[in-house]
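One structure below.
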2 protein chains.
Amino acid sequence: MSPENKDADNKIDYGLLDKVVGYRLRRAQMNFFATFSEVFSDLGISPGLFAVIALVESNPGRTQTAIAQALGNDRSAMVAAVDKLEKMKIIERRPSKSDRRSYALYMTQTGNDFFKTASKRVMDHEKEMTSCLKDEKEVAWLLETLRTLSD
Amino acid sequence: MSPENKDADNKIDYGLLDKVVGYRLRRAQMNFFATFSEVFSDLGISPGLFAVIALVESNPGRTQTAIAQALGNDRSAMVAAVDKLEKMKIIERRPSKSDRRSYALYMTQTGNDFFKTASKRVMDHEKEMTSCLKDEKEVAWLLETLRTLSD
DNA sequence: TATTGTTATACTCTATAACTATA
DNA sequence: TATAGTTATAGAGTATAACAATA
């Protein structure tokens, strides 16, 4: 190694970044989403679409706007998402009985089957990704910590 | 509350999502980046640009590609980033002595001052965002956990 | 007046491919 | 042949503004 490129050959020093939760959150999330996309490539949905399905499954009958707000998205972004999930026969729009402006979202039977398959896949993915943690207690602690960080 | 919209008035049940590290990572990271952007609106840089600056500061003389790889970005994305930071007089390209294809990146004096200001702002932001955690030990534990999750 | 779903639009981020000059 | 920087481009994702129907 010649003296003049000594620096360039050393390993990168992350300096301050290594102590910044915001940066470390981003790297961890990028890793989760990249592997998620691989695991889900055959099912044809993104992490964002899975979140929509999971929320409709747990909260049948909600409006598009309610689901969007719960996910922190703008309601305009829900249109394409629900269009796609309706084309995939996973969820369906039904006219709201109490408000003719809005639709209520429900799972289809196909959607329930799909959700069962996808959920198992998600939990397997989670298990693999969190295998570096000590035990279930540590995973629970991490989940609780992340929740407080998003409030 | 009328019986037919009982469900719609209840609070959202996050169901499975609440147990999914990938989803909780995303929400936490979105919160960090949104508040970061507010805090940095007057300085004119995004979280991604701050990461570039921090890495150049800790690793002067590296090439664009080296910085990009360290951040997990494509090298093509570095062009606009370095263009902008060079226009802001924060970092500068210098011709590499050993390889005429590449540039070495260095901080300017303005850049060093800027970094000092920005770093303080970042650490203040971090402190506020992690104030919900018990102590410094818990922050360190979180940082270490997040690091293992991104490998 | 306010809200729901919708469309159009724009802006950022990211990824890919191809080009040039060097190695 | 391979690599560094660059350009063009295209695809997500996201946010804003406006509109029609309805509240």
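Lettering follows sequence order; numbering is per chain, from 1. Since the structure is predicted, the reported quantities are computational estimates derived from the model, not experimental observations.
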message: What is the distance, to the nearest angstrom, from the OH atom on Tyr103(B) to the P atom on dA23(C)?
response: 13 Å

field: Whole-Å gap separating C1' (dG13(D)) and CG (Asp74(A))
entry: 12 Å

message: If you apply the rule salt bridge (charged side-chain N to carboxylate O under 4.0 Å, His left out), what do you find for Glu92(B) with Arg94(B), and how did you get there?
response: CA-CA 6 Å; Glu92(B) 62 180 11; Arg94(B) 296 188 204 159; 2.9 Å; yes

Do any N or O atoms of the protein come closer than 3.5 Å to N or O atoms of nucleotides 18-23 of chain D, and which pairs are they?
| unit_1 | atom_1 | unit_2 | atom_2 | d |
| --- | --- | --- | --- | --- |
| dA23(D) | OP1 | Arg100(A) | N | 2.9 |

field: Whole-Å distance separating the CG atom of Asn73(B) from the P atom of dA15(C)
entry: 7 Å

statement: Here the distance between atom P of dT14(D) and atom CG of Leu71(A), to the nearest Å, is 10 Å

- prompt: If you measure from the Lys or Arg side-chain nitrogens to the Asp or Glu carboxylate oxygens, is any gap between Lys137(A) and Asp135(A) under 4.0 Å?
  reply: no

task: In whole angstrom, give the distance that lies between atom CG of Asp83(B) and atom P of dA4(D).
output: 18 Å

query: Strictly by modelled atom types, are Arg75(A) and Gln69(A) linked by a side-chain donor-acceptor pair under 3.5 Å?
result: no

message: Is it the case that atom OH in Tyr103(A) sees more than 12 heavy atoms from other parts of the structure closer than 6.0 Å?
response: no

- request: Check the angle between the aromatic planes of His125(A) and Phe36(A) and answer parallel, tilted or perpendicular using the 30° and 60° thresholds.
  value: perpendicular

message: Any N or O donor-acceptor pair under 3.5 Å from the base of dT14(C) to the side chain of Ser76(B)?
response: no

message: Looking at Glu128(A), I want to see if its CD is surrounded by more than 12 non-hydrogen atoms of other residues, nucleotides or ligands under 6.0 Å.
response: no

task: Give me the residues of residues 20-38 of chain B where at least one heavy atom lies under 4.0 Å from an atom of DNA chain D, by number, or none.
output: Arg26(B)

field: Value in whole Å for how far the C1' atom of dT22(C) lies from NZ of Lys97(B)
entry: 19 Å

query: What are the two closest heavy atoms between Pro47(A) and Ser37(A), and how far apart are they?
result: CD-OG, 4.4 Å

message: Rounded to whole Å, how long is the line connecting atom CD of Gln64(A) with atom C1' of dT3(C)?
response: 14 Å

query: Under 3.5 Å, side chain of Asn59(B) to main-chain N/O of Asp13(A), donor-acceptor pair present?
result: yes

- prompt: Taking atom C1' of dA4(D) as reference, at what distance in whole Å does atom CD of Gln69(B) sit?
  reply: 11 Å

task: May I ask you to decide whether Asp83(B) forms a salt bridge with Lys87(B), counting only side-chain N to carboxylate O separations under 4.0 Å?
output: no

